[in-house]
4 protein chains.
Amino acid sequence: MPKVVDEHMREATRRHIIRRAASEFARLGFDQANINTIAEQAGIGKGTIYLYFENKRELFLSMLRYIAQDHILAIRTAIALDGTLQQRLERLFRAFTHLAQEERDSFNVYMSALYGVNRAFQAEATKLLRDYLATIALMLEQSQARGEIRCPHIEATALMILSLMESYVLSANVLGQSEQAILQQASLIAETLVQGIGSA
Amino acid sequence: MPKVVDEHMREATRRHIIRRAASEFARLGFDQANINTIAEQAGIGKGTIYLYFENKRELFLSMLRYIAQDHILAIRTAIALDGTLQQRLERLFRAFTHLAQEERDSFNVYMSALYGVNRAFQAEATKLLRDYLATIALMLEQSQARGEIRCPHIEATALMILSLMESYVLSANVLGQSEQAILQQASLIAETLVQGIGSA
Amino acid sequence: MPKVVDEHMREATRRHIIRRAASEFARLGFDQANINTIAEQAGIGKGTIYLYFENKRELFLSMLRYIAQDHILAIRTAIALDGTLQQRLERLFRAFTHLAQEERDSFNVYMSALYGVNRAFQAEATKLLRDYLATIALMLEQSQARGEIRCPHIEATALMILSLMESYVLSANVLGQSEQAILQQASLIAETLVQGIGSA
Amino acid sequence: MPKVVDEHMREATRRHIIRRAASEFARLGFDQANINTIAEQAGIGKGTIYLYFENKRELFLSMLRYIAQDHILAIRTAIALDGTLQQRLERLFRAFTHLAQEERDSFNVYMSALYGVNRAFQAEATKLLRDYLATIALMLEQSQARGEIRCPHIEATALMILSLMESYVLSANVLGQSEQAILQQASLIAETLVQGIGSA
DNA sequence: AATGAATGAGGATTCATTCAT
DNA sequence: GATGAATGAATCCTCATTCAT
């Protein structure tokens with residue numbers, strides 16, 4: 001099966017390029033990032049990038065999709081079924097904190113795509129946003145089924161949870177708070193949300 | 001006093017340029033925005049911009065500061081002393097909704113500066129973030145003094161409120177919700193927050 | 001009238017660029033010619049060319065039009081009304097010889113546009129071809145009106161005259177014949193044509 | 001004799017590549033033609049071309065030589081000994097018309113090589129030009145030997161005949177005349193030439 | 001002060017050619 | 001021998017910035 005091996009190699013190279021691209025895009029933004037530099041960082045020739053991605057824009061979009069997979073997996077894992085709603089919310093918050101710190105590059109890229117001006121990028125980032133919301137909504141429905149909460153506005157509530165956590169983590173970062181400091185807020189935030197939601 | 005008149009003229013022109021720049025920067029982002037186009041839109045010569053701003057970057061930063069003044073004023077007005085905490089939070093949320101819709105340009109510019117990759121821009125946007133937080137924290141302290149709530153973590157709570165509202169409005173926008181639809185969430189969100197905070 | 005002076009300057013610069021461009025295009029062809037080099041040769045900055053021409057293609061087309069004006073003027077002058085048909089044909093041939101030698105650049109550019117593969121260029125060069133033909137046809141009609149010849153196929157004959165002269169001069173050039181040598185053929189060619197046409 | 005078979009195979013592949021290359025070169029010109037596309041059209045790998053031709057330039061030159069053989073054969077056949085000079089000239093003109101129409105690709109390639117700017121290509125195309133001239137000169141000498149004409153300037157006359165025919169056909173093409181229309185000029189042109197030459 | 005013509009650094013992309021398989 | 005993945009030189013064009021008028 002040389003075909004499969006080649007396919008694997010090709011996919012591995014794609015991933016490799018994407019990772020280096022993510023670092024550059026996160027550091028400089030789409031426009032300022034330089035294909036040449038990305039190629040150098042990836043240890044390949046300039047032209048080689050164009051064997052894997054149609055153009056700079058497609059490279060960026062591919063990277064967004066790749067990031068989305070990673071993040072949604074992290075989020076799904078975080079709010080796995082076990083534990084109380086409070087515990088699941090805490091895990092969710094910690095997952096975001098972790099993403100914003102350990103995967104700072106990809107988190108920044110995702111946020112600037114979502115809130116930037118490029119419609120194509122925003123559309124792609126919005127897909128991830130919807131995925132997040134669906135996942136959180138599912139959690140709320142499960143909690144409701146268990147009688148943990150009474151939540152008549154699942155959609156709006158899911159958006160509240162996501163907005164609060166995502167933006168809290170990001171803002172705290174921007175304000176210079178350490179990961180440690182942010183993580184300590186986990187229970188406060190989860191508690192606040194559970195109380196707020198429960199009586200909605 | 002020709003000096004003062006000139007000073008006034010100069011300031012007026014600065015404002016004028018900034019307003020046109022804001023529109024272009026919001027529409028295209030910092031890199032894609034074109035100094036030439038901004039000059040045309042402002043009805044002045046390309047070179048003239050450089051008599052008022054050192055370079056493109058400084059123009060962008062000046063615009064950020066200008067936007068910040070506007071926004072912080074809107075927010076301060078929204079949470080003026082009168083009314084219950086619930087009412088003030090509702091007004092705050094409506095103010096954000098309004099900014100994101102009516103001042104979409106400047107709101108987008110601010111958000112992409114805050115969550116974008118350019119450190120200089122982020123630093124400037126962060127100033128506005130701190131202003132927001134101080135204003136919200138003040139409101140919480142007032143509510144506490146009145147006995148409306150018991151809130152031991154003023155800072156964290158302020159950040160929660162800001163994060164939730166700002167990001168909620170923006171995400172709802174991105175998801176295609178109408179201003180009408182978003183405004184209808186005002187009381188739900190305020191209620192959730194009051195309940196969540198109150199028992200913290 | 002500063003406007004007029006500026007207009008003059010602008011037109012002068014356009015001409016200047018076109019002349020240098022013609023030299024490069026003639027030496028290397030459209031694709032191999034380098035905008036950078038053309039700018040250097042013209043003693044102006046790279047970007048300046050784009051203030052005068054939309055892009056490389058438009059520069060080339062402008063140059064073709066400029067050449068066409070020159071050449072058609074030379075041809076019209078050559079076959080001015082005075083003299084016999086034989087004399088006028090000799091002058092026409094000498095004009096072509098002169099063009100192919102003294103204006104070698106522009107003559108080559110025109111021929112490669114006419115016989116090249118770029119449709120836009122060919123269309124532009126064809127305009128000049130039609131102009132040539134009309135001018136020669138007019139001469140034939142005048143000669144016929146004077147009773148010098150009897151020529152029932154004016155159009156075809158004009159094309160014969162043009163084809164023969166243009167291509168003869170060019171081929172002789174390619175074969176390495178000197179301008180001197182080619183000019184000596186003038187009367188032979190004119191004589192041959194007059195005899196051939198007269199009895200057509 | 002595996003060697004001979006291989007030689008045959010090798011030569012067949014060369015021809016195959018050349019034919020596809022001719023089509024691309026004629027369609028796009030030397031610079032715009034793409035080695036990759038030629039390889040695809042020929043149904044072989046990109047690298048394989050370099051086993052048969054040193055580089056793009058050599059491929060083009062080989063193609064020119066290949067075309068030249070074809071053309072000179074067509075021309076020689078057209079002016080075979082039999083018939084009067086008028087008839088032979090008519091056949092020659094028809095042969096050119098046919099080449100320009102049925103072998104449009106190769107005719108265009110040859111003409112743009114001859115009148116284009118690349119010296120190496122021009123030199124190769126000039127060889128064909130000389131071959132043409134020799135063939136036509138031979139015809140004139142035969143006609144003179146038979147007493148059909150009295151032609152003191154064989155070389156110049158041959159060049160006149162070739163120039164007129166080649167360029168007439170090409171120009172007529174460029175002007176949009178149909179093959180039908182051009183062919184109808186055959187006797188007019190032959191007649192004109194015979195009359196013109198006869199009395200020279 | 002105001003202008004806009006001129007500049008040239010910078011960057012995405014193409015494609016002939018190489019070479020390991 | 002045949003292949004095509006990899007390469008990087010080469011180039012058009014944009015646009016922030018300058019400066020003579």
Side-chain angles (χ1 to χ4, degrees), chain A residues 2 5-6 9-10 13 28 30-40 42-59, chain B residues 6 9-10 13 30-40 42-60, chain C residues 2 5-6 9-10 13 17 30-40 42-59, chain D residues 6 9-10 13 30-40 42-60:
Chain A
V5 170
D6 280 11
M9 271 300 289
R10 190 176 164 76
T13 305
L28 298 168
F30 178 77
D31 290 288
Q32 291 291 330
N34 184 306
I35 287 283
N36 221 332
T37 307
I38 293 173
E40 272 171 33
I44 59 174
K46 200 184 335 178
T48 308
I49 287 191
Y50 291 88
L51 297 178
Y52 290 87
F53 305 92
E54 210 175 327
N55 50 40
K56 193 185 184 185
R57 196 188 115 117
E58 285 305 316
L59 169 58
Chain B
D6 281 9
M9 271 300 289
R10 188 175 165 78
T13 305
F30 177 77
D31 291 289
Q32 292 291 327
N34 183 305
I35 287 284
N36 208 354
T37 305
I38 292 172
E40 273 172 30
I44 59 171
K46 197 186 343 176
T48 310
I49 287 190
Y50 289 86
L51 299 178
Y52 290 88
F53 304 93
E54 206 177 328
N55 51 38
K56 192 185 185 185
R57 199 185 111 117
E58 284 306 317
L59 170 57
F60 189 85
Chain C
V5 170
D6 280 10
M9 271 300 289
R10 190 176 164 78
T13 305
I17 295 172
F30 178 77
D31 290 287
Q32 291 292 329
N34 185 304
I35 286 283
N36 222 332
T37 306
I38 292 173
E40 272 171 34
I44 59 173
K46 198 188 336 178
T48 308
I49 287 191
Y50 292 90
L51 298 178
Y52 290 88
F53 305 92
E54 211 174 325
N55 50 40
K56 192 184 183 185
R57 195 189 117 116
E58 285 304 316
L59 169 57
Chain D
D6 280 9
M9 272 300 289
R10 190 173 165 78
T13 305
F30 178 76
D31 291 289
Q32 292 291 328
N34 184 306
I35 287 285
N36 208 354
T37 306
I38 292 172
E40 272 171 31
I44 60 170
K46 198 186 342 176
T48 309
I49 288 189
Y50 289 86
L51 298 177
Y52 290 87
F53 304 93
E54 205 176 330
N55 52 36
K56 192 184 184 183
R57 199 185 112 118
E58 285 305 317
L59 169 57
F60 189 85

When we call it a touch if two heavy atoms are under 4.0 Å apart, what does C:Ile35 touch: a base, just sugar-phosphate, or nothing? sugar-phosphate
Separation of atom CG in C:Asp31 from atom C1' in F:dT11, rounded to whole Å: 12 Å
More 5' along DNA chain E: C:Thr13 or D:Asn55, using each one's nearest nucleotide? C:Thr13
Contact class for B:Ala33 (heavy atom, under 4.0 Å): base, sugar-phosphate, or nothing? sugar-phosphate
Measure CD1/C:Ile49 against P/E:dT7 and give the value in whole Å, please. 10 Å
What is the distance, rounded to the nearest whole Å, between atom CZ of C:Arg57 and atom C1' of F:dC13? 16 Å
To the nearest angstrom, how far is D:Phe60 atom CZ from E:dT17 atom C1'? 19 Å
Is A:Tyr52 touching bases, backbone alone, or none of the nucleic acid, heavy atoms closer than 4.0 Å? sugar-phosphate
Is A:Arg57 atom CZ crowded by more than 12 heavy atoms from other residues, nucleotides or ligands, each under 6.0 Å away? no
Assign each of D:Ile44 and A:Ile44 the nucleotide of DNA chain F bearing its closest heavy atom; nearer the 5' end lies the nucleotide of D:Ile44
Under 3.5 Å on both distances, the Watson-Crick or G-U partner of F:dC12: E:dG11
Can you tell me how far C1' of F:dC12 sits from CD of C:Glu58, to the nearest Å? 15 Å
Which is more 5' along DNA chain E, the nucleotide nearest A:Gly47 or the one nearest C:Thr48? Just name the residue. C:Thr48
Please report, rounded to the nearest Å, how far the P atom of F:dG4 is from the CE atom of A:Met9. 17 Å
So what's F:dT21 paired with, Watson-Crick or G-U wobble, going by both distances under 3.5 Å? E:dA2
Compare every heavy atom of B:Asn34 with every heavy atom of B:Asn36, then report the nearest pair and how far apart it is. N-OD1, 2.6 Å
Once you round it to whole Å, what is the distance between P of F:dA16 and CD of B:Gln32? 10 Å
OP1 or OP2 of E:dA12 sitting under 4.0 Å from any side-chain N/O of A:Asn34? yes
d(OH, A:Tyr50; C1', E:dC15) in whole Å: 13 Å
C:Lys46 vs E:dT7: side-chain N/O to OP1/OP2 distance below 4.0 Å: no
Search all heavy atoms of A:Tyr50 against all heavy atoms of A:Asn55 and return the closest pair with its distance. CE2-CA, 3.9 Å
Heavy-atom closest pair (A:Lys56 atom, A:Ile35 atom, distance to 0.1 Å) is CG-CD1, 3.8 Å
List the atom of D:Arg10, the atom of D:Leu51, and the distance in Å for their closest heavy-atom pair. NH2-O, 3.0 Å
